[in-house]
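So the structure is just underneath, and the comments pick up after that.
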Amino acid sequence: MEEVGAERLAGGEAVVGFAYTLANHVTRDRNLALAMVPRLFLLPAVVAGAPTEEDRIRGWIRDRLGEALPFRVPVQELEPAALAAVVAWTLRGTLEDWVRGETRGKGLRSTLEARLGFLLESSGFPITMR
């Protein structure tokens, strides 16, 4: 999230940037990915009462999508919090499918591109898959 913030990306572009940055880090070491990905979203909060890692990621996605609300033309109207939850679960599921080898021979990045691109574009967010 910090890397994407440094690039000054916003809206759907930031969400895609985050997914690709995470994918780039995960694909560098498949053994690390196998150990980390199933646990990534289940990490406990660092401080008691703080949000879980999944809540933190979902909140960050919700905030980035909120930045682009005035610029979208949705096929189907969806609240930012609901879309953020769907996007976060799609990211989680895609990472888990990839580490289990269930992406049908497609790379992690191309699978993320197809899944997240569909969700964000269908929701009216102007994005460029980079």
Side-chain angles (χ1 to χ4, degrees):
M1 289 183 276
E2 290 172 3
E3 285 183 38
V4 173
E7 293 181 38
R8 299 192 177 272
L9 296 175
E13 298 282 343
V15 174
V16 169
F18 170 69
Y20 284 174
T21 299
L22 183 58
N24 288 339
H25 285 291
V26 166
T27 55
R28 288 182 190 148
D29 185 339
R30 188 162 182 89
N31 289 327
L32 178 62
L34 287 167
M36 182 196 76
V37 166
R39 296 166 181 81
L40 177 64
F41 289 86
L42 303 176
L43 291 173
V46 175
V47 179
T52 63
E53 192 63 15
E54 181 174 357
D55 292 335
R56 193 170 79 89
I57 290 170
R58 187 184 302 181
W60 184 87
I61 291 170
R62 182 197 61 236
D63 293 347
R64 298 300 69 78
L65 295 176
E67 295 169 343
L69 287 178
F71 306 106
R72 72 184 189 128
V73 180
V75 173
Q76 176 67 41
E77 191 66 41
L78 193 60
E79 295 293 321
L83 181 58
V86 172
V87 168
W89 275 93
T90 299
L91 177 59
R92 176 183 182 171
T94 302
L95 288 168
E96 290 174 349
D97 289 349
W98 179 78
V99 298
R100 288 192 306 260
E102 297 176 7
T103 54
R104 297 190 179 107
K106 295 181 183 176
L108 176 56
R109 188 174 169 125
S110 64
T111 304
L112 280 169
E113 183 175 321
R115 293 176 181 181
L116 291 179
F118 172 78
L119 282 173
L120 293 171
E121 290 171 354
S122 296
S123 299
F125 287 92
I127 57 166
T128 302
M129 303 307 281
R130 53 183 183 109

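Along the sequence shown, residues carry numbers from 1. As the structure is a prediction and not an experimental result, all values here were calculated from the model.
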To the closest 0.5 Å, what do you measure between [atom1] ([X]) and [atom2] ([Y])?
X: K106; Y: W98; atom1: NZ; atom2: CH2; value: 16.0 Å
X: Y20; Y: T27; atom1: OH; atom2: OG1; value: 12.5 Å
X: E96; Y: E102; atom1: CD; atom2: CD; value: 10.0 Å
X: L108; Y: N24; atom1: CG; atom2: CG; value: 8.5 Å
X: E2; Y: E7; atom1: CD; atom2: CD; value: 13.0 Å
X: L120; Y: E13; atom1: CG; atom2: CD; value: 9.5 Å

- Would you kindly say whether T90 and R115 are connected by a side-chain donor-acceptor distance under 3.5 Å?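 Distance-only check fails for T90 and R115.
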
- Say whether L34 and L22 are linked into one hydrophobic cluster, either directly or through other cluster members, by side-chain heavy-atom distances under 4.5 angstrom.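 Same cluster: L34 reaches L22 through Ile, Leu, Val, Met, Phe, Trp or Tyr contacts under 4.5 Å.
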
- Message: So does G17 get a backbone contact from the side chain of T21, meaning a donor-acceptor N/O pair under 3.5 Å?
- Response: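 Yes, because the side chain of T21 sits within donor-acceptor range (under 3.5 Å) of the backbone of G17.
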
In the structure I gave you, are the side-chain heavy atoms of [X] and [Y] within less than 4.5 Å of one another anywhere?
X: V15; Y: V87; answer: yes
X: L119; Y: V86; answer: yes
X: E3; Y: F18; answer: no

- Item | From CA spacing to verdict: salt bridge (Lys or Arg N to Asp or Glu O under 4.0 Å), R62, D55 | CA-CA 10 Å; R62 182 197 61 236; D55 292 335; over 6 Å; no

- Task: Indicate the atoms forming the closest heavy-atom contact of R30 with V99, along with that distance.
- Result: NH2-O, 3.6 Å

- Query: Minimum heavy-atom separation for A19 to L112, with atom names?
  - Reply: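 Taking every non-hydrogen atom into account, O-CD1, 3.7 Å.
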
